[in-house]
There are 2 protein chains.
Amino acid sequence: MRISGLSRVTGVPVATIKYYLREGLLFPGRLTSSTQALYDEAHTARLRLIRALLGPAGLSITQVRDVLRIIDDPGPDMFDLLGRVQCATMLPSQRPDTAAAEELIGRAGWHIEPDSPEMHRLAAALDGLAAAGFVPPEGMLERYAAGLHQLASAEIAHIPTESAEAAVRYTVLGTLLIEPVLLALRRLAQQDAARRRFGAPTTG
Amino acid sequence: MRISGLSRVTGVPVATIKYYLREGLLFPGRLTSSTQALYDEAHTARLRLIRALLGPAGLSITQVRDVLRIIDDPGPDMFDLLGRVQCATMLPSQRPDTAAAEELIGRAGWHIEPDSPEMHRLAAALDGLAAAGFVPPEGMLERYAAGLHQLASAEIAHIPTESAEAAVRYTVLGTLLIEPVLLALRRLAQQDAARRRFGAPTTG
DNA sequence: CAATAATAGATAGTTTTAATATCCAATATC
DNA sequence: GATATTGGATATTAAAACTATCTATTATTG
């Protein structure tokens, strides 16, 4: 398959494929001459993965490159892997006040590196709430933490251990591509809960 | 307070404040002459809200404008309100295949408008998973749905009903600004769960 | 009261990101 | 041999979110 074929089966324009090649997201095809190269199913799968990370997962080109690097060359440490994936998908951020975040995590009983990027992410998110003048109801954050820990435990329990590739793939995609699913499900759950509380609109 | 004071207390550059004024996000100050206007605490609160929506909530200028319009002029219908907020923060999207989404929602027993934007959002998210070749473990999506419905029910139960303004504020901010909190908590929960499963790294 | 600074409002410019488009020499294909 | 396609390099575009400049006015200050 040449580049036009790759474009046809994935729906990604040739110019864009060339762009991803330049950016090092997509590995080059096998050159058969100075002006021809062949692409195979590995390229189509890779291209689809790139598009999923750029689209639904909402990553930038740079973040996709970092994540793909981890997929291509994962270290041996499974615990560390999770942290590296999460780091790769953080926006570089200021250092907000982590006091509220640490208190919340402490009350939840979690053991977390206090200065980790993810703690900063939580701190920044709580900062946003405070800046907007939103005070969550008593105990609400703890409830979020408990609920999400249940889900996270199930996710971690499902990480396959027989093959490193499978583990990496599961971890990366499970971390990143599930996020939009969660947000969509939350909004739909809110609609259902709101319908139960406030009554359905008279549709149909 | 003049514009420079507003800039000072919020940390937002004057040029940016003028930009938000042009874009209609921030209501103009009270003119005291052709080249002077006064701003008050309402402006600082509004400005902080704008920044929270643009930053932590990750909205675009256009989405912020739509959300603020709802805050400024909410209709009477509480059920409808939730839907309108959610619509305002959707990216315009294609019409993906909603079959998988509908099946999931059906199994969860939720009553949702099948052709709603949020269903499309869920469908797009599931599409992303599929495109990347990720198959969630059996029953995992149902578990997400159940867990999030619990949280959503608590959220909806806390919507204040005594004042329309309070309800709108709670709904808008609770929908949008909690999202980054949830994602951060999920990642931290994953780290804690991973530590329990794979053991902590030998830190310190 | 003169000099200096600040402001509203308009317009123009910048930066970043992600993608397209154009060229050209070198194949491939008909 | 004529036409089309490609790899690779370079250039251009489009959108979003700011940021800077300019001008005619006010304020403020010494």
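Looking at A/Glu179 and B/Arg187, a side-chain N of the basic residue comes within less than 4.0 Å of a carboxylate O on the acidic one, giving a salt bridge. At a threshold of 4.0 Å, the pair B/Glu165-B/Arg169 does not count as salt-bridged, since none of the basic side-chain nitrogens sits closer than that to a carboxylate oxygen.
No more than 12 heavy atoms of other residues, nucleotides or ligands sit less than 6.0 Å from atom CD of A/Glu138. For B/Arg143, the CZ atom counts as loosely surrounded, since its 6.0 Å shell holds 12 or fewer non-hydrogen atoms of other residues, nucleotides or ligands.
Here the P atom of nucleotide C/dA19 and the CG atom of A/Leu21 are 13 Å apart, to the nearest Å. As rounded to whole Å, 13 Å separates atom P of D/dC18 from atom CG of B/Leu26. Nucleotide D/dC18 holds its P atom 10 Å from the CD atom of B/Glu23, rounded to whole Å. The nearest whole Å value for the distance from the CZ atom in B/Arg30 to the P atom in C/dT7 is 16 Å. Per the geometry, CZ belonging to B/Arg8 stands 9 Å off P belonging to C/dT7, to the nearest Å. Going from atom CG of B/Leu6 over to atom C1' of C/dA8 covers 14 Å, rounded to whole Å. Atom OH of B/Tyr20 is separated from atom P of C/dG9 by 19 Å (rounded to the nearest Å). Spacing between atom CD1 of B/Ile17 and atom P of D/dA20 amounts to 14 Å, rounded to whole angstrom units.
Below the 3.5 angstrom threshold, one finds a donor paired with an acceptor across the side chain of A/Arg22 and the base of C/dT20.
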| request: Mark up nucleotides 22-28 of chain C, 5' to 3', with B wherever a protein heavy atom is under 4.0 angstrom from a base atom, S wherever such an atom reaches only the sugar-phosphate, and - elsewhere. | output: ----BSS
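In the model, A/Glu118 has no side-chain atom that pairs as donor or acceptor with a side-chain atom of B/Gln191 under 3.5 Å. In the model, A/His149 has a side-chain atom that pairs as donor or acceptor with a side-chain atom of B/Asp192 under 3.5 Å.
Using a 4.0 Å heavy-atom criterion, one finds that B/Thr62 contacts no nucleic acid atom at all. Counting non-hydrogen atoms under 4.0 angstrom, B/Pro28 reaches nothing in the nucleic acid.
In this model, the phosphate group of C/dA8 is approached by a side-chain N or O of B/Tyr39 to a distance below 4.0 Å at OP1 or OP2.
Of all nucleotides listed (C/dA6, D/dG8, C/dA19), D/dG8 comes nearest to the side chain of A/Leu31. Of the candidates D/dT19, D/dC18, C/dA18, D/dC18 carries the atom nearest the B/Ile61 side chain, counting heavy atoms from C-beta on.
One N or O on the side chain of B/Arg197 and one on the backbone of A/Ile156 form a donor-acceptor pair closer than 3.5 Å.
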